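Chain A is the first sequence line, chain B the second, and so forth, proteins listed ahead of strands; every chain is numbered from 1. All figures in this text were calculated on a predicted structure; none of them were measured in a lab. Hydrogens, waters and symmetry mates are skipped; everything else that's a heavy atom, side chains included, is used.
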Number of protein chains: 2
Amino acid sequence: MENGHPPGASTDGDEGTSPPTVLSGTGEIGEPVRTAQGATYTRTMTPEPTPRPRLVDVAREAGVSVATASRALGKGSELIRADTRDHVRQVARRLGYRVNPVARSLRLSTTGHIGMVVPSIGNPFFMELVAQVEHCLAERGLNLLLADARMSVAHEDHLLRSLESGAVDGLVVAPCHETYSTPALERAAAHVPTVQLDRGVQLDVPMVGVDDPHGIRTLLDHLAERGVERIALLSNTGSNVSSVTRVRAARAVAEELGMRLDPDDIIECSFSVDEAGAAVNRVLDRSGAVPDAFLCLNDLLAIGAITALRGRGIAVPERVQVTGFDDIQFAALMRPTITTLHQPLDAIADRGVSILMGDDDSTGRIHIEGTLVERESTRRRPGAVGE
Amino acid sequence: MENGHPPGASTDGDEGTSPPTVLSGTGEIGEPVRTAQGATYTRTMTPEPTPRPRLVDVAREAGVSVATASRALGKGSELIRADTRDHVRQVARRLGYRVNPVARSLRLSTTGHIGMVVPSIGNPFFMELVAQVEHCLAERGLNLLLADARMSVAHEDHLLRSLESGAVDGLVVAPCHETYSTPALERAAAHVPTVQLDRGVQLDVPMVGVDDPHGIRTLLDHLAERGVERIALLSNTGSNVSSVTRVRAARAVAEELGMRLDPDDIIECSFSVDEAGAAVNRVLDRSGAVPDAFLCLNDLLAIGAITALRGRGIAVPERVQVTGFDDIQFAALMRPTITTLHQPLDAIADRGVSILMGDDDSTGRIHIEGTLVERESTRRRPGAVGE
DNA sequence: ATGAAAGCGCTAACAA
DNA sequence: TTGTTAGCGCTTTCAT
């Protein structure tokens with residue numbers, strides 16, 4: 001990938017000594033000529049035939065020292081005369097000067113980049129989380145360095161390793177795995193400020209996520225109001241803390257509400273919609289009695305469940321009700337639209353970033369309550385046939 | 001695993017000569033002690049109580065020069081004795097040395113970061129495009145710096161300006177607007193290698209996208225086979241080249257196939273699903289005669305159309321057929337599933353990145369053919385009630 | 001208020 | 001094969 005062109009071939013490479021060299025040195029004989037940066041990509045685009053002006057160029061052109069130039073352009077402009085500052089800025093603009101962020105980073109040991117690692121970018125939920133984080137960062141003038149762990153703890157480890165060594169000022173991570181992600185996360189957090197989002201491993205690294213028990217309770221209350229007496233639970237494999245917490249909460253709350261939830265009716269399947277469908281079919285094939293509702297631990301699962309149910313001619317919500325969790329975009333687009341627990345991703349992202357940047361010195365695990373979004377998958381339609 | 005522990009406590013850090021200052025200088029009196037970097041974020045996490053070892057520390061510890069150390073750890077390991085190299089690497093590992101990417105970037109004037117700017121991260125289509133690009137970059141060991149233009153040309157300009165000045169080695173852009181995005185893109189491309197993805201402004205900047213006319217033709221052929229004689233076209237506002245191209249192609253092909261496409265039946269609406277529904281209703285309210293099919297220029301529009309149609313009791317596909325474009329994840333999850341033109345985003349991303357990195361010296365506009373994905377929204381079901 | 005100079009940590013050209 | 005050294009471009013003491 002490096003380059004691919006003979007050295008001195010291009011227009012700007014006039015080597016050596018005397019005359020031109022627009023923005024180079026003082027003009028002294030033998031002074032080395034700067035090469036345009038970005039030369040690496042010459043084949044593609046040949047950008048910047050003229051080397052970019054550096055601070056020293058601005059300084060010389062403005063007749064001041066680099067120190068003064070720096071002060072004029074930076075923000076520490078308290079100890080500089082106003083007219084000097086304006087003059088320098090003028091010159092800088094005329095020359096098209098732009099500070100080199102890498103040099104700046106090296107000097108300041110701060111990059112302005114925040115790394116984010118998610119289990120799977122392809123998952124709509126994480127996509128939405130990424131979008132929220134990007135917004136929070138943008139508001140603070142920070143950049144998002146996004147990486148996809150592709151559901152692999154090994155790859156996640158690799159990514160964290162590469163990010164933790166100075167490329168970013170902070171790290172936002174939704175760990176792949178409840179336990180296996182721990183070592184990598186611990187190492188990363190030892191190198192750079194880190195916050196966990198959505199889910200967290202058991203580690204002394206701050207984590208911000210939805211309040212799972214509250215969410216489950218909210219959903220089950222809703223279902224209870226709808227007359228549900230027996231439920232099945234659709235969970236996902238790839239054990240992450242959230243699932244476990246939600247399952248536990250569901251068990252407890254169901255019992256409390258006097259709802260039946262048989263151990264056999266708690267089923268795990270992978271994130272995929274198809275698998276969810278298969279899992280539903282298994283439940284239905286097994287027990288002659290169909291549960292009144294499927295409590296799905298995320299919206300994708302709910303979509304799979306609904307599809308499978310309808311595929312077998314079981315009406316949703318008339319015969320069986322279904323709830324999701326997360327409130328991804330598509331939950332409102334499916335037919336029937338899906339009743340689900342809305343995760344306040346904006347608040348979660350904002351809180352996480354605040355902690356990361358030290359604006360919020362909360363510590364430990366923070367759980368933000370979601371809100372019920374009541375939609376068709378649990379609403380009896382006016383003239384429904386239903387039970 | 002690495003550190004996170006008080007200085008001299010661990011097993012490996014036993015310094016050479018005298019007592020303290022684990023990784024500092026040679027031990028000379030008065031030599032300044034390095035401060036841990038990342039001090040800025042102390043409030044949050046206090047990472048790295050021990051300053052990270054630098055190359056010079058490894059060199060000293062290994063008893064070689066920094067040059068040798070650099071050669072041992074870098075890839076230019078041809079001119080170094082194998083055992084020297086191994087020794088240095090050993091020492092580096094023991095010290096927990098990691099190269100400082102920022103210093104490296106400054107020296108090499110290469111960051112290993114590629115910037116990507118999309119009109120809206122929230123849009124599922126762009127999310128999927130981002131995912132593909134991330135994969136391509138990861139394969140090449142590059143990082144993705146992702147930014148959301150939020151449908152604003154001004155913000156896009158701002159983002160590009162910040163990225164183009166040295167933060168990235170290359171830029172992948174899906175421009176917000178067919179014409180208004182031009183100046184910013186031109187400026188950016190003058191600074192750093194740039195490629196346009198999915199859509200492109202009229203500029204001499206490479207662009208890779210789907211073959212729109214081919215896609216439209218494919219869809220209309222399919223519809224024609226299904227007996228469609230009259231269509232309506234649902235386009236999106238926010239004029240980008242793709243839409244215009246697709247509309248033009250639709251007109252031409254419809255005529256060629258003898259399909260009726262009234263000017264009044266070409267409607268624009270914003271990306272939102274709801275608006276698409278409203279637009280459909282407008283068409284239906286106006287003309288007594290309902291078109292045989294709605295050709296939607298993207299899947300989100302198709303979702304809106306289907307929802308609106310069903311809301312009015314018009315059966316899809318029995319009474320009216322609907323096609324989408326893009327094949328976003330959800331096109332396969334809706335009921336009915338949506339017949340659409342699959343965009344080969346993997347190929348598009350790969351080609352774009354290849355061009356960016358100079359592995360592919362194609363230039364100008366590249367159009368990759370999509371493929372028809374036939375699903376329920378145009379498929380007559382076995383025992384359908386019929387037209 | 002301004003300037004001179006010391007690095008931030010690394011790589012590569014040049015010497016040895 | 002290895003070491004010495006000159007920067008990459010910037011910010012920031014420390015003098016003036």
Check your understanding: Looking for any heavy atom pair under 4.0 Å, which part of the strands does A:V102 touch: base, sugar-phosphate only, or nothing?
Key -> nothing

Presence of donor-acceptor pair under 3.5 Å, side chain of A:R98 and base of D:dG9 = no

Salt bridge A:D86-A:R89, side-chain N to carboxylate O under 4.0 Å: no

Taken to the nearest whole Å, CD1/B:I80 to P/D:dG3 is 9 Å

Which part of the nucleic acid does A:V99 contact within heavy-atom distance under 4.0 Å: base, sugar-phosphate only, or nothing? sugar-phosphate

Between CZ of A:R60 and P of D:dG9 the distance, given in whole Å, is 13 Å

B:R52 atom CZ is separated from C:dG9 atom P, nearest whole Å, by 9 Å

Of the listed C:dT2, D:dT2, D:dG3, the closest approach to the B:R81 side chain comes from D:dT2

Margin query: Quick one about B:S362 and B:R351 (side-chain donor to acceptor, distance below 3.5 Å, no hydrogens or angles considered), yes or no?
Written below: yes

Sequence neighbours excluded, the answer for side chain to side chain donor-acceptor pair (under 3.5 Å) partners of B:D157 is B:R161, B:R187

Between CZ of B:R104 and P of C:dA12 the distance, given in whole Å, is 8 Å

Looking only at C:dG3, D:dG3, C:dC10, the nucleotide nearest the B:N100 side chain is C:dC10

Taken to the nearest whole Å, CG/A:L55 to C1'/C:dA4 is 14 Å

Note: for B:L106 and B:T68 on DNA chain C, the residue whose nearest nucleotide lies more 5' is B:L106

In whole angstroms, the gap separating C1' of C:dG7 from CZ of B:R54 amounts to 11 Å

Atom CG of A:L108 and atom P of D:dC10 are separated, to the nearest Å, by 12 Å

To the nearest angstrom, the CG-C1' distance between A:L73 and D:dC10 comes to 11 Å

- Message: Donor-acceptor pair, distance only, cut-off 3.5 Å: does the side chain of B:T111 make one with the backbone of B:H113?
- Response: yes

The side chain to side chain donor-acceptor pair (under 3.5 Å) partners of A:T363 (sequence neighbours excluded) come to none

Could you tell me whether A:T84 contacts a base, only the sugar-phosphate backbone, or nothing, with contacts defined as non-hydrogen atoms closer than 4.0 Å? sugar-phosphate

